[in-house]
Structures are given as C-alpha cells and as structure tokens.
Amino acid sequence: MNRRPIDIQPLTLLRELSEAQQKIANGAQRIARFSDSELAIATAPKDEVWREDMVRLYHYRPAPQATQPAGPPTIVLIAYALVGRYQMIDLEAERSFVRKLLARGLHVYMVDWGEPQRRHRWLTIDDYVNGYLDSCVDVIREREAVDSINLIGVCQGGVLSLCHAALHPEKVRNLVLTVTPIDFHGDKAAPEAAGGYMNRWARALDGDDIDALVDSMGNASGPSVGHSFLMMNPVGNLAKYTLGLVDVLDDDAKLLNFLRMERWIGDRPDTPGEFVRQWFKDLYQDNKLVRNAFVLGGRTVDLRQLTMPVLNVSADGDVVIPTACSRGQGAHFGTTDYAELSVPGGHIGTFVGGKAQAVLAPGIADWLEARNQPRKRPPR
Amino acid sequence: MTSIAYDFPWIAAAERVYGPLADAFGLRPARDALQTWCELATAQLGEVIANAQVAGVVAAGAVDGMNRLTQRLDRLRGDGQTINSPTALLRMGLGEFDGAMHAAMLSEPGLAATAASVRATSHRRSGWQKLSTLSAEALGQPTRVEVDETFREIQQLKREVRELKRAAHARTAGSRP
C-alpha cells in the first residue's frame with residue numbers, strides 16, 4: 001500500500017502553532033529587553049587619525065593582552081567595500097576580524113568611506129584609489145615611519161586595494177585580497193546554480209542602460225543597493241525572517257547576532273554614481289581588470305606590476321562573488337609569492353561565520369607575519 | 001521644436017501648423033510640460049509592463065518550485081517516508097522554491113525581464129526629472145542638471161588641487177638633504 005507523503009494531524013499542527021506562538025511571544029520580550037550597548041556593533045576602540053570629505057581613517061588601539069611579536073610590528077590598512085559599512089569586520093566582540101588581528105599584535109588601520117552625499121556623485125574609482133586610499137596609505141607611512149605597509153582589501157575594497165597596489169607598488173609591502181572579484185567574467189566558464197546573479201544581471205544590460213540608470217539616479221542609494229542584495233536570494237531571505245528568526249528566538253547569543261547583523265544590513269551608504277558607472281561598465285561588462293585595460297587617472301592598472309606577495313582569500317559558499325571570479329588568479333599578477341586561502345562560509349560569513357573564525361584572521365596574520373619586513377625609512 | 005503624439009495624424013498636423021505659432025505666443029513651457037507628461041505616462045506604462053514581465057518570471061519560478069516540491073514528496077513516498085510536521089513541510093517547500101526561484105531569475109527570460117525593468121525605471125525616473133526641470137526653469141530656480149554640473153566642476157577642481165599638492169609634496173621631499 002502506498003503511504004501518503006504528507007500526513008499532518010490537526011493536533012500536530014495545533015501543537016507546532018502553539019509552540020511557535022509561545023516562542024514568538026517570549027522572543028519579542030527578549031528582543032525588547034536587550035540594551036543598546038548589547039546591540040552595539042563595531043566596538044573595538046579606535047581613534048580617527050585623518051579625514052577628507054566624508055572619508056575617515058581610523059587607528060585601532062592595541063589590545064591590552066596582545067601578543068608581542070619578536071620583530072617589527074605588522075602594519076595593516078583594511079579597505080572595506082563601498083556598498084556596506086566597515087563595521088562588518090568588527091561586528092561583534094567574539095567574532096571580530098579586527099580584534100583577532102589586534103590580539104596578534106598587528107597595528108590595524110581602517111578606512112571608513114563614509115556616507116557620500118549628492119555632491120559626491122562625480123567621485124570615480126580613480127578618486128578612491130589615487131585620492132582617498134593613497135592618502136590613507138601615505139598618512140600611515142608617515143605615522144609609522146615606514147616606506148610600505150600591508151593592505152587588506154575586502155570585496156570592492158579588494159579591487160581598490162589591487163588597483164592601488166598595481167599603481168603604487170612601492171607603497172604596498174604585502175597585499176591581501178578577501179572575497180574580491182578579479183576576473184569578472186570568470187563565472188562564464190563555470191556558472192554556479194545559485195551564484196553570480198550580479199555578474200549575469202550586469203551583462204544582461206548594455207552600456208546605455210548603465211548610463212541611463214546612473215544619469216537618472218545620481219548616486220546609487222543605499223536602500224536600492226540593499227534591495228538588490230535581498231533580491232539575489234528572495235526565498236532564502238523570506239525563510240531567514242520567518243522560520244530562521246523563530247529558530248533563534250530562544251537563544252540570546254544567536255538572537256543578538258541576528259539583530260547586530262540587521263543593524264549592519266540596514267546601514268548601507270549611497271555609492272557615488274560615477275563609481276557605479278565605471279564599476280559596471282568597465283569591470284562587470286568589459287572585464288578590463290584582468291585584461292590590463294582598466295585606466296585610472298590616465299594610468300593603466302597593470303596587474304603585472306603586483307610584484308609584492310599576494311594572499312587571495314575566497315569563501316567556499318560565496319554567491320555574491322562567484323569563486324570562479326576570485327580564485328586561481330595568480331597568473332595575472334607579477335608576483336612569484338602568490339597564495340590562496342579558502343574560508344568556509346559565504347560572502348559575509350567569511351568575517352562573521354562561526355567556522356571562519358578559526359581560519360580567516362589566524363591565516364592572514366600568519367601569512368603577513370611570515371612576510372613582515374617593513375622597510376624603515378632612513379633617518380633624515 | 002516640441003513634437004506631441006505624431007502617431008495621431010490630426011494632432012501631428014495641428015502641431016506642425018500651429019506649434020511654432022503657439023511658441024511665439026509664449027506657450028512653449030506649457031507645450032513642453034504637456035509633452036513631458038505624455039512621455040511620462042508612456043514611461044509609467046512601460047514600467048508596469050516590465051514589472052509584469054518580472055512577475056511572470058517569478059510566477060514561473062513558483063510553479064517550478066511547486067513541481068520540485070511535488071517531485072520531492074513523490075520520492076519520499078517512494079522511500080516509504082512521511083512528513084508529519086507542518087514546519088518540516090514548510091522548510092522543505094522553501095528549500096525547493098529557493099532553488100526554483102534562483103533558476104528562474106538567472107534564466108535568459110529572467111535576466112531579460114529584470115533588465116527591461118531597470119530600463120523602464122530609468123526612463124520613468126528621467127521623465128519625472130524632466131518635469132522637475134521644467135518647473136524649476138519656470139520658477140527661476142536652479143535645475144538638477146545645473147546643480148550637478150556645479151558639483152562636477154568642484155570635483156574636477158578638487159582633483160586638480162590633489163595633483164598639485166602631490167607634486168608640491170614630491171618636490172619638497174626631493175629637495176630635502
């Protein structure tokens with residue numbers, strides 16, 4: 001006899017509904033009881049050391065119990081993406097990339113791209129790379145009295161760091177790219193079932209569409225960018241805010257993690273229009289970066305100029321940046337010291353995922369410390 | 001010269017005959033506004049159609065999701081298994097719908113529909129901006145384009161200042177003993 005695949009008894013239905021109702025009622029009280037300090041994100045102490053327009057450079061205060069490395073300090077500048085806020089790398093004290101680097105005794109600087117306003121709509125990738133980022137690097141070189149520093153780029157920030165390192169190789173001692181798209185057409189040869197939506201969407205548009213979009217929008221508003229990310233996984237997000245949320249309602253740690261993440265997700269800055277135009281036309285559509293045809297400020301970004309050691313970190317389950325676009329890119333670079341590190345989790349999970357905690361920061365710190373030979377400036 | 005609804009011969013003829021005369025009587029702003037409203041109405045309609053295309057893709061994804069769920073349940077039945085928890089059924093359904101929706105949105109029709117939606121939205125947005133420009137001009141206020149052009153000039157000047165500062169810094173560094 002064939003059994004029915006679904007056999008839900010009314011009592012089972014009522015019991016599960018009642019349990020969910022109870023969980024939601026208790027969860028709502030828990031959520032209301034959390035204090036603002038419990039929900040705070042990016043709490044690692046830091047000081048602003050430079051600013052220009054809306055861009056800030058922060059220096060994180062050393063961790064009191066930090067390991068003291070035998071050699072000179074490893075100085076790093078972290079550049080996050082423009083489409084999200086830098087707080088992701090210090091979302092929670094227990095899952096903070098920054099705090100883990102500080103605990104290893106690294107000197108950590110962070111560039112905060114700030115919140116572009118309408119007047120910033122003409123900012124190009126050149127302005128970010130040869131303007132803000134280069135100024136940050138110079139400020140750190142001056143403060144630390146070294147000729148070159150270590151650059152860690154995250155996603156879009158990885159592309160900016162890559163471009164900066166190629167245009168100013170003398171200022172970058174080691175380059176670390178995390179979840180960074182390099183070959184924007186890499187997914188063509190190896191399409192992924194649930195990933196690379198942005199790549200394919202961008203290629204479905206033509207250059208005139210991008211122009212019309214940017215001309216009519218000015219800046220890409222934070223909410224519209226957030227909406228695009230949500231639409232990459234609509235059913236997954238529906239599940240996240242319903243079943244997924246109910247699942248964590250009776251676990252304070254998981255609930256706080258959820259709420260802090262929401263605080264970060266809801267705080268998306270606008271992206272300057274010209275930046276968006278270049279990003280989509282030159283990179284997503286024309287894939288100029290790996291063709292050594294990407295021009296910034298009149299100079300071509302030649303990846304063969306990347307002669308410093310490069311560590312390329314990618315996430316196993318990244319659906320935003322398909323791994324085919326980020327992995328196996330060493331042949332494009334001029335360096336002979338190229339390494340890759342795979343991290344479990346997705347695009348954001350690379351920094352906040354439970355499994356990634358044991359891999360990402362220790363892996364990067366080990367790699368950097370093994371190559372930490374900053375060139376001290378001769379005394380003047 | 002403005003051109004309203006040339007698809008309609010009588011309107012087109014009247015426009016060609018009397019349009020310049022109307023402009024001469026100072027009716028140009030009103031005629032521009034009328035044309036922009038017509039364009040905007042067309043753009044709004046275009047956006048509705050484009051969004052309907054996207055909705056069609058989503059509906060196709062939903063149907064595919066339902067098929068996938070049915071097939072999954074068939075396999076369960078074949079294995080002699082039964083789902084007796086509504087939550088478990090919901091999770092299974094969402095999982096199947098997720099895969100189906102990804103496939104639908106990443107398909108050629110899905111990408112074409114979202115691209116058409118982007119085009120239509122840009123078109124509609126620029127229609128409203130044209131109207132806003134006409135209003136600003138009528139009221140003697142700076143238009144969006146004028147303000148943006150000013151920002152563009154300021155940004156260009158800032159770039160030049162940046163280059164000059166760098167050059168000055170390099171000269172100073174080079175002249176140090």
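As the structure is a computational prediction, the values presented were derived from the model and not from experiment.
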(message) Working note: Arg162(B) + Asn130(A), criterion side chain to side chain contact (heavy atoms under 4.5 Å, CB included); need CA distance, chi angles, decisive distance, verdict.
(response) CA-CA 9 Å; Arg162(B) 185 177 80 206; Asn130(A) 291 314; 4.3 Å; yes
Exercise. Test Leu123(A) against Phe151(B) for side chain to side chain contact (heavy atoms under 4.5 Å, CB included), laying out the working first.
Key: CA-CA 10 Å; Leu123(A) 286 172; Phe151(B) 289 145; over 6 Å; no
- Query: Hey, mind stepping through Asp247(A) and Arg91(B) against salt bridge (charged side-chain N to carboxylate O under 4.0 Å, His left out) and telling me if it holds?
  - Reply: CA-CA 12 Å; Asp247(A) 284 345; Arg91(B) 282 185 208 284; 2.9 Å; yes
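Looking at Met231(A), neither its backbone nor its side chain comes within 4.5 Å of chain B, counting heavy atoms on both sides. Contacts between Arg124(B) and chain A at a heavy-atom distance below 4.5 Å are absent for every atom of the residue. For Asp148(B), the parts sitting under 4.5 Å from any heavy atom of chain A are the backbone and the side chain alike. For chain A, the nearby parts of Leu73(B) are the backbone and the side chain; heavy atoms of each come within less than 4.5 Å. If you measure heavy-atom distances from Leu238(A) to chain B, the contacts under 4.5 Å come from the side chain alone. Interface residue Met105(B): backbone and side-chain heavy atoms are both found under 4.5 Å from chain A. Interface residue Arg159(B): only side-chain heavy atoms are found under 4.5 Å from chain A.
Judged as a ring pair (Phe, Tyr, Trp, His ring centres under 6.0 Å), and not counting sequence neighbours, the contacts of His168(A) are His164(A). Listed by chain and number, the residues in a side-chain hydrogen bond (donor to acceptor under 3.5 Å, both in side chains) with Arg75(B) amount to none (sequence neighbours excluded).
The CG atom of Asp208(A) sits 11.0 Å away from atom OG of Ser122(B), with the distance rounded to the nearest 0.5 Å. Between the CG atom in Asp127(A) and the CD atom in Gln155(B) there is a gap of 4.5 Å [rounded to 0.5 Å]. Summarising the geometry, atom OG1 belonging to Thr12(A) is positioned 13.0 Å from atom CD1 belonging to Ile83(B); distances are rounded to the nearest 0.5 Å. Ser85(B) contributes atom OG, which lies 11.5 Å from atom CD1 of Ile6(A) (distance to the nearest 0.5 angstrom). How far OG1 of Thr87(B) is from CZ of Arg15(A): 9.0 Å, rounded to the nearest 0.5 Å. The CG atom of Leu106(B) sits 13.0 Å away from the CH2 atom of Trp201(A) when rounded to the nearest 0.5 Å.
Shown here is Glu160(B), whose CD atom has more than 12 heavy atoms of other residues, nucleotides or ligands within 6.0 Å. Dense packing is recorded around CG of Leu21(B), with more than 12 heavy atoms of other residues, nucleotides or ligands lying under 6.0 Å away. A 6.0 Å sphere centred on NE2 of His123(B) holds no more than 12 heavy atoms belonging to other residues, nucleotides or ligands. Crowding of Lys130(B) atom NZ: a count of heavy atoms from other residues, nucleotides or ligands under 6.0 Å not exceeding 12. Counted within 6.0 Å of OH on Tyr241(A), heavy atoms from surrounding residues, nucleotides or ligands total more than 12; the atom is thus considered enclosed.
Ranked by heavy-atom pairs shorter than 4.5 Å toward chain B, the options Thr124(A), Leu213(A), Leu17(A) are led by Leu213(A). With respect to chain B, the highest number of heavy-atom pairs below 4.5 Å among Glu274(A), Arg121(A), Arg118(A) belongs to Arg118(A). In terms of non-hydrogen atom pairs under 4.5 Å with chain B, the most contact-rich of Asp126(A), Asn233(A), Leu13(A), Thr242(A) is Asn233(A). For the options Leu76(B), Thr114(B), Val145(B), heavy-atom pairs under 4.5 Å to chain A are most numerous at Thr114(B). Most heavy-atom pairs under 4.5 Å with chain B, from the set Pro234(A), Gly131(A), Gly236(A), Ala202(A): that is Gly131(A). Residue with the most contacts toward chain B among Val246(A), Asp206(A), Asp134(A): Asp134(A) (heavy-atom pairs, distance under 4.5 Å).
When all heavy atoms of Ala115(B) and Ala204(A) are compared, the closest pair comes out as CB-O, 3.9 Å. In terms of heavy atoms, Met232(A) sits closest to His102(B) at O-CE1, 2.9 Å. Nearest heavy-atom pair, Leu89(B) versus Ile8(A), reported as atom, atom and distance to 0.1 Å: CD2-CD1, 4.0 Å.
When atom types are taken as modelled, the side chain of Thr82(B) and the backbone of Arg4(A) share a donor-acceptor pair closer than 3.5 angstrom. No side-chain donor-acceptor contact under 3.5 Å links Trp122(A) to the backbone of Ile154(B).
A salt bridge links Asp53(A) with Lys158(B): the closest approach of a Lys/Arg side-chain nitrogen to an acidic carboxylate oxygen falls below 4.0 angstrom.
A donor and an acceptor atom, one from each side chain of Ser216(A) and Gln129(B), are nowhere located under 3.5 Å apart. Looking only at atom types and distance, the side chain of Ser135(A) has a donor-acceptor partner in the side chain of Arg166(B) under 3.5 Å away.
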